[in-house]
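What follows is a single structure, written as structure tokens, with notes after it.
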Protein chains: 2
Amino acid sequence: MTHSEENYIKAIFHLASTGIEVISTNALAEKMETKPSSVTDMMRRLSEKGLVHYKKYQGVSLTTLGTKTALSIIRKHRLWEVFLVEKLGFTWDEVHEIAEQLEHIKSEKLIDKLDELLDFPKFDPHGDPIPGKNGEFMEHDNQLLSQLPIGSVALCVGVKDSSAVFLRFLDKNSIALGNKMKILEKEEFDNSLRILLDERELQISQQIASNLYVKKIEL
Amino acid sequence: MTHSEENYIKAIFHLASTGIEVISTNALAEKMETKPSSVTDMMRRLSEKGLVHYKKYQGVSLTTLGTKTALSIIRKHRLWEVFLVEKLGFTWDEVHEIAEQLEHIKSEKLIDKLDELLDFPKFDPHGDPIPGKNGEFMEHDNQLLSQLPIGSVALCVGVKDSSAVFLRFLDKNSIALGNKMKILEKEEFDNSLRILLDERELQISQQIASNLYVKKIEL
DNA sequence: ACAAATTTTTAGATTTGTCTAAATTTTTTA
DNA sequence: TAAAAAATTTAGACAAATCTAAAAATTTGT
């Protein structure tokens, strides 16, 4: 498989995991920042290789093989991200671009050994689950901070948007994975939240709250 | 730079460091396992980018920029090899192929941090020197085992041939970097050597002896 | 339901890196 | 030193991945 093919497979997987199960040519073109005609060409190629189900004008979806392939790439990506943060001291907003390159390195053994070096992590630095060696994959079953009722107490366990801009915003406001937060008040006007973050009181916009995954703590 | 361009630059550097300073199209084609016509095309491209000196029918050599580029790629290759052996437990005969992929990862910061993680190693697992961040490079000033006079005592510091076959042969005979060896006798017939390796007496063919770098110990 | 709008595909071109076969230049050698 | 041999380059083709522009299919709206 070429890098480009792997990137398409990954993109289809990510689109599919947002709910849509049949992905349109245009949606994929936008995700890949390319033209629809290029997508059509690539879908023909991936279809011939048995990685996607594709019928002209009918959209595309991953085959079993395609899904397995996608999970393997995502596993590599996320393990490398853990490595970059845990072993090399990168910050969580720096690792994505480098992992985009490292995920294409071909060596089963390399990934197994990396997994071992990192002590078999289950989540990447953004809180996203790392698929297992044999394709086991836990979806985020977490709620978004914006969905919690007032008074709830929860742990921050992941980010939905893992763009560098958002991550640096969180750093600036000392919001990190593992923080405990309590919803104090929800502003009716703009749905912003007043929360207690560890010891600190904080005002958080709806935008922010709907990009933070949390795990409710029962009291 | 593309992977392919980087591989050509590296190949030219390696050919140049065997003594030849102007490399022929055919020599490069053989090294790259490709056709001379492909080499000609690539030389035109690399020449336009200012990486090589190239005049039709006159052979090719690296520019200052080309040499700097080659050293940077070799630095990455060798640091990754150290990582694979030291941190992931690979054997020295397994690392070359994986490092061939990893050397193309683009991130200055990644390599600096890797260098630091590995505690700024000066040699790779085969005893080859690792170029410095700013292009400082020490050539092997070592002698080959085959060049030592009878009676000399030396440390094994590197391998000239780092093919997996040769490395596994060394493993099988418990010859490793750091071993102390004393030349006991040279067989006139086939130039094979009888050596004392640590405690053990060993017969070594000329082929083997001319692929082991040693550093003489003054007594 | 049928014309208009949108989406998708096809056709043809471009770039990179490769190939084969033919032409050209350089080197060898008789 | 001129013909033969070897090395190198050019020309033309191909595959991968992309693009633009045009054609075709599907969806939408009245």
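Lettering follows sequence order; numbering is per chain, from 1.
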Which nucleotide sits closest to the side chain of [X]: [options]?
X        : options                   : value
Pro36(B) : dT9(D), dT9(C), dT18(C)   : dT9(D)
Tyr8(B)  : dT16(C), dT9(C), dT18(C)  : dT18(C)
Thr40(B) : dC19(D), dT10(D), dA16(D) : dT10(D)
Met42(B) : dA17(D), dT18(C), dC19(C) : dT18(C)

Atom-pair distance ([atom1] on [X]; [atom2] on [N]), nearest Å:
X        : N       : atom1 : atom2 : value
Asp41(B) : dT8(D)  : CG    : P     : 15 Å
Ile23(A) : dT8(C)  : CD1   : P     : 12 Å
Asn26(A) : dT8(C)  : CG    : P     : 4 Å
Glu6(A)  : dA17(D) : CD    : C1'   : 15 Å
Tyr54(A) : dT7(C)  : OH    : C1'   : 11 Å
Leu28(A) : dT8(C)  : CG    : C1'   : 13 Å
Lys35(B) : dC14(D) : NZ    : C1'   : 16 Å
Lys55(B) : dT25(C) : NZ    : C1'   : 16 Å

Checking salt bridge (Lys or Arg N to Asp or Glu O under 4.0 Å) between Asp115(B) and each of Arg75(B), Lys133(B), Arg78(B), which is the one that passes?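 The option that passes is Arg75(B).
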Cut-off 3.5 Å, side chains only: do Thr91(B) and Asp93(B) have a donor facing an acceptor?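 Side chains of Thr91(B) and Asp93(B): pair found under 3.5 Å.
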Would you say a side-chain N or O of Ser37(B) is under 4.0 Å from OP1 or OP2 of dT18(C)?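 No, outside the criterion.
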Think Arg45(A) has a side-chain N or O under 4.0 angstrom from the OP1 or OP2 of dA16(D)?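 For dA16(D), neither OP1 nor OP2 has a side-chain N or O of Arg45(A) closer than 4.0 Å.
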Going by an N to O cut-off under 4.0 Å, is there a salt bridge joining Arg44(A) and Asp41(A)?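 Yes, Arg44(A) and Asp41(A) are salt-bridged.
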Salt bridge flag under 4.0 Å for residues Glu6(A) and Lys106(A):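 Lys106(A) and Glu6(A): salt-bridged.
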Hey, does Ser4(B) reach any base, or is it just sugar-phosphate, or nothing, if we go heavy atoms under 4.0 Å?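 Touches sugar-phosphate only.
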What's Thr25(A) touching, base or sugar-phosphate or nothing? Going by heavy atoms closer than 4.0 Å.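 Sugar-phosphate: the residue Thr25(A), judged by heavy atoms under 4.0 Å, touches backbone atoms but no base.
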Give me the one residue out of Lys186(A), Gln206(A), Gln203(A) that meets side-chain hydrogen bond (donor to acceptor under 3.5 Å, both in side chains) with Ser192(A).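 Of the listed residues Lys186(A), Gln206(A), Gln203(A), the side-chain hydrogen bond (donor to acceptor under 3.5 Å, both in side chains) partner of Ser192(A) is Gln203(A).
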